[in-house]
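In this text the structure is predicted, and so the values were computed from the model without any measurement. So you know, we letter chains A, B, ... as the sequences are listed, proteins then strands, and number each from 1. Keep in mind that the numbers below use all heavy atoms, side chains included, and drop hydrogens, waters and symmetry copies.
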Amino acid sequence: ETGVTQSPTHLIKTRGQQVTLRCSSQSGHNTVSWYQQALGQGPQFIFQYYREEENGRGNFPPRFSGLQFPNYSSELNVNALELDDSALYLCASSLPPSYEQYFGPGTRLTVT
Amino acid sequence: GDSVTQMEGPVTLSEEAFLTINCTYTATGYPSLFWYVQYPGEGLQLLLKATKADDKGSNKGFEATYRKETTSFHLEKGSVQVSDSAVYFCALIAGDNFNKFYFGSGTKLNVKP
């Protein structure tokens, strides 16, 4: 059974740029959620994708967008990067009706 | 809105001490509740869960009971070990289609030998 994988591991971007983060879900899981975790804080829910559509969204602006592909992998796109976007971005997969989140190792994004 | 509040850390205990980490929640409907753990240098992993009122989740000697009357899900362990040192997160899933997740800010536990 393959776990959740994310790429890249680390990323440095400049304010105003755009970034794409990638996630492969655990084998058999059809639902992917994305989280932002600032240093010393808990994960903040960004959105969830199910069957290639956004299924739920947290309190994040529209410049945070995503995609889910037929193989259930997913992308998180962030436009017009701001310094406060610097954080660890976590991807988690699940298989309803179980809502247990299986987390990947995360992508550390630094915006300078 | 929906939210999770957990006690601030760090919590420092001696080995074999009793552990309680408090967690309370605000949610409409009937959320499912979780405790996640993050060991040093590792990713978040599920520790235990409870899906309805009065359910008790348990794993690795940890327990938590879903108390709807007090909107709480406190984590307990009778005798902690050094290997339990980690950051613990309380979380809930809510929303019309169980499509929104909320995590607490985390409680760091240090267990000394």
List the steps, then state whether side chain to side chain contact (heavy atoms under 4.5 Å, CB included) holds for B/Phe101 with A/Gln48. CA-CA 9 Å; B/Phe101 299 82; A/Gln48 178 188 83; 3.3 Å; yes
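- In this structure, CD in B/Glu42 is found 14.5 Å from CZ in A/Phe103, a value given to the nearest 0.5 Å.
- Counting non-hydrogen atoms of neighbouring residues, nucleotides and ligands closer than 6.0 angstrom, the CG atom of A/Leu83 exceeds 12 such neighbours.
- Looking at B/Lys100 and A/Phe45, their side chains come closer than 4.5 Å, going by heavy atoms from C-beta outward.
- The local environment of NZ in B/Lys68 is crowded, with over 12 non-hydrogen atoms from other residues, nucleotides or ligands closer than 6.0 Å.
- The environment of CZ in A/Arg15 is sparse: at most 12 heavy-atom neighbours from other residues, nucleotides or ligands sit within 6.0 Å.
- Heavy-atom distances place both the backbone and the side chain of B/Leu44 under 4.5 Å from chain A.
- Contacts of B/Phe89 with chain A are made by side-chain atoms alone, with heavy-atom separations under 4.5 Å and no backbone atom involved.
- The environment of OH in A/Tyr72 is sparse: at most 12 heavy-atom neighbours from other residues, nucleotides or ligands sit within 6.0 Å.
- The choice from A/Gly104, A/Gly56, A/Ala38, A/Ala92 that makes the most heavy-atom pairs within less than 4.5 Å of chain B is A/Gly56.
- When the side chains of ILVMFWY residues are joined at heavy-atom separations under 4.5 Å, either directly or via intervening members, A/Leu76 and A/Val111 end up in a single hydrophobic cluster.
- B/Met7 and B/Tyr36 fall into different hydrophobic clusters, where Ile, Leu, Val, Met, Phe, Trp and Tyr residues are linked whenever their side-chain heavy atoms come under 4.5 Å apart, directly or through other members.
- Checked against a 6.0 Å centroid threshold, the rings of B/Phe103 and A/Tyr35 count as neighbours.
- Contact of A/Gln37 with chain B is made through the side chain alone, with heavy-atom distances under 4.5 Å.
- Atom OH of B/Tyr30 has 12 or fewer heavy atoms from other residues, nucleotides or ligands within 6.0 Å.
- Heavy atoms of B/Ser105 lying under 4.5 Å from chain A belong to its backbone as well as its side chain.
- Contact of A/Glu100 with chain B is made through backbone and side chain together, with heavy-atom distances under 4.5 Å.
- To the nearest 0.5 Å, atoms CG (B/Leu46) and OG (A/Ser94) are separated by 11.5 Å.
- B/Asn99 CG to A/Phe47 CZ: the interatomic distance, rounded to the nearest 0.5 Å, is 13.5 Å.
- There is no contact between B/Gln45 and chain A, counting heavy-atom distances below 4.5 Å.
- With a 4.5 angstrom heavy-atom cutoff, A/Leu90 touches chain B only via side-chain atoms.
- Looking at A/Ser33, only its side chain comes within 4.5 Å of chain B, counting heavy atoms on both sides.
- Sparse packing is recorded around NZ of B/Lys108, with 12 or fewer heavy atoms of other residues, nucleotides or ligands lying under 6.0 Å away.
- Neither the backbone nor the side chain of A/Pro105 comes within contact range of chain B; no heavy atoms are under 4.5 Å apart.
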Stepwise side chain to side chain contact (heavy atoms under 4.5 Å, CB included) test for B/Tyr102 and A/Gln44: CA-CA 7 Å; B/Tyr102 301 88; A/Gln44 298 295 307; over 6 Å; no
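- The environment of CD in A/Glu54 is crowded: more than 12 heavy-atom neighbours from other residues, nucleotides or ligands sit within 6.0 Å.
- A continuous path of hydrophobic side-chain contacts links A/Leu11 to A/Tyr89 [ILVMFWY only; heavy atoms under 4.5 Å].
- The environment of A/Glu52 atom CD is dense: over 12 non-hydrogen atoms of other residues, nucleotides or ligands sit within 6.0 angstrom.
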